[in-house]
Asks: 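Could you have a look at this structure, given as structure tokens, before my questions?
Atoms within a ligand are numbered from 1 in the order they appear, just like the ligands themselves.
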Amino acid sequence: MVYQEAVLLFLTLFQGHRAEKVVCDGIIFNHVYYDREMVVTNLGRPYNLVMHKFSGLLFFSHTVSGTVVNGTHADFLITTCHIDKKTCSNVKGVPGGYAIAYDAGNDDMYLGGHDGIYKYNFLTKSADFFAEEGRSIWGLFVKRNFYYIEYPTQKLRVYQDDEFLPVAEAVNIEIDHFFISKQMDVYFSNRTALYKVEKPKKEAIVLSDEIVVRQIVEDSYGDTYFCASDGIYIEEKPYHRIKKVAHIVQAFGLTFDEHDQIVYSDENSIYRLRPSQIANLCYEVLRNPVDTEALERMKSMLIS
Ligand SMILES: *[C@@H]1O[C@H](CO)[C@@H](O)[C@H](O)[C@H]1NC(C)=O
Ligand SMILES: *[C@@H]1O[C@H](CO)[C@@H](O)[C@H](O)[C@H]1NC(C)=O
């Protein structure tokens with residue numbers, strides 16, 4: 001299957017006496033063409049996209065180059081952008097802010113950086129210290145339990161009896177991304193592969209050892225998505241395999257807005273996918289860029 005990414009392609013459509021220029025600069029996602037709405041650009045590697053649906057705030061971390069922090073030229077910062085208004089502000093008070101998790105049970109956003117875990121304060125738009133002072137936080141996840149992945153050991157810890165303890169099943173392995181689905185299946189990835197642990201079993205089943213996972217998320221229907229360096233994949237249930245649904249050069253993060261619309265990032269920007277008026281035409285064009293005959297057919301369909 002050939003996937004063509006965001007090619008700038010101008011077509012002139014003649015509708016009645018009016019000539020209209022259209023641009024197919026969106027992407028194909030799961031066999032449907034979508035327009036791409038820019039949410040924010042000029043960022044460095046926007047990682048860990050997490051949408052807070054009630055406030056409309058999109059949380060993400062990104063590298064800030066140019067700022068020299070103790071001799072290092074790049075550091076991480078957490079920023080929020082309103083998904084509709086496109087207004088952004090940096091979250092103060094989280095040095096090296098990188099990890100982000102939403103606690104749906106309590107409607108809280110947790111943030112992690114070089115020096116522990118913080119809770120976002122929606123009134124002051126800053127972060128209040130929460131736990132694990134002096135520890136560097138690589139990943140955070142909250143569902144029933146509160147988990148974090150410590151950097152640089154990549155060890156998974158869980159909150160139990162007033163402290164964060166190593167997760168027994170994962171003491172001897174590294175974990176880079178950790179996720180528990182609505183059905184309580186566990187997904188995780190490390191340098192070796194992407195795995196799934198189905199309840200009540202304990203063994204980790206390999207889903208893929210070919211992709212570089214950057215984020216694991218699910219939509220409101222409970223389908224699991226994997227954002228990888230070369231695009232977006234979904235789990236092909238009930239088989240233990242994944243299927244590519246979008247080709248993206250250097251994808252970094254993925255989340256969904258309140259209408260389950262896809263929000264994703266590449267190396268510099270965050271986009272939201274929108275339904276397109278010319279989805280069929282652009283789908284044909286992107287799938288068969290040199291098939292001018294199909295193009296002419298589509299044009300005549302649009303004119304008539
Ligand atoms: C820079 O390093 C010093 C000494 O190691 C440390 O006290 C300080 O907190 C560091 N600053 C930042 C912003 O990380
Ligand atoms: C990744 O996890 C698998 C499954 O638990 C384990 O076999 C493998 O050793 C882990 N890789 C690393 C680098 O820890």
Asks: So that I can tick it off, tell me whether Arg272 and Asp84 are bridged by a salt bridge, with the cut-off set at under 4.0 angstrom between side-chain N and carboxylate O.
Replies: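 Salt bridge present between Asp84 and Arg272.
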Asks: Rounded to the nearest 0.5 Å, what's the gap from OH on Tyr159 to CG on Asn145? Could you check?
Replies: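 These two atoms lie 11.5 Å from each other.
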Asks: Do Phe59 and Tyr102 have their ring centres less than 6.0 Å from each other?
Replies: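 No.
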Asks: Side chain of Asn190, backbone of Ala193: donor and acceptor closer than 3.5 Å?
Replies: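 Answer holds: yes.
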Asks: Measure and list all N/O to N/O distances between ligand 2 and the protein that fall under 3.5 angstrom.
Replies:
unit_1: ligand 2; atom_1: 2 (O); unit_2: Asn190; atom_2: ND2; d: 2.4
unit_1: ligand 2; atom_1: 11 (N); unit_2: Asn190; atom_2: ND2; d: 3.0
unit_1: ligand 2; atom_1: 11 (N); unit_2: Thr192; atom_2: OG1; d: 2.7
unit_1: ligand 2; atom_1: 14 (O); unit_2: Glu174; atom_2: N; d: 2.9

Asks: Quick one: CZ on Phe146 to CG on Asp108, what's the gap to the nearest 0.5 Å?
Replies: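 If I round to the nearest 0.5 Å, the distance is 9.5 Å.
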Asks: Below 4.0 angstrom, N of the basic side chain to O of the carboxylate: do Lys196 and Asp185 qualify?
Replies: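 Counted as a salt bridge, because a side-chain N and a carboxylate O are separated by less than 4.0 Å.
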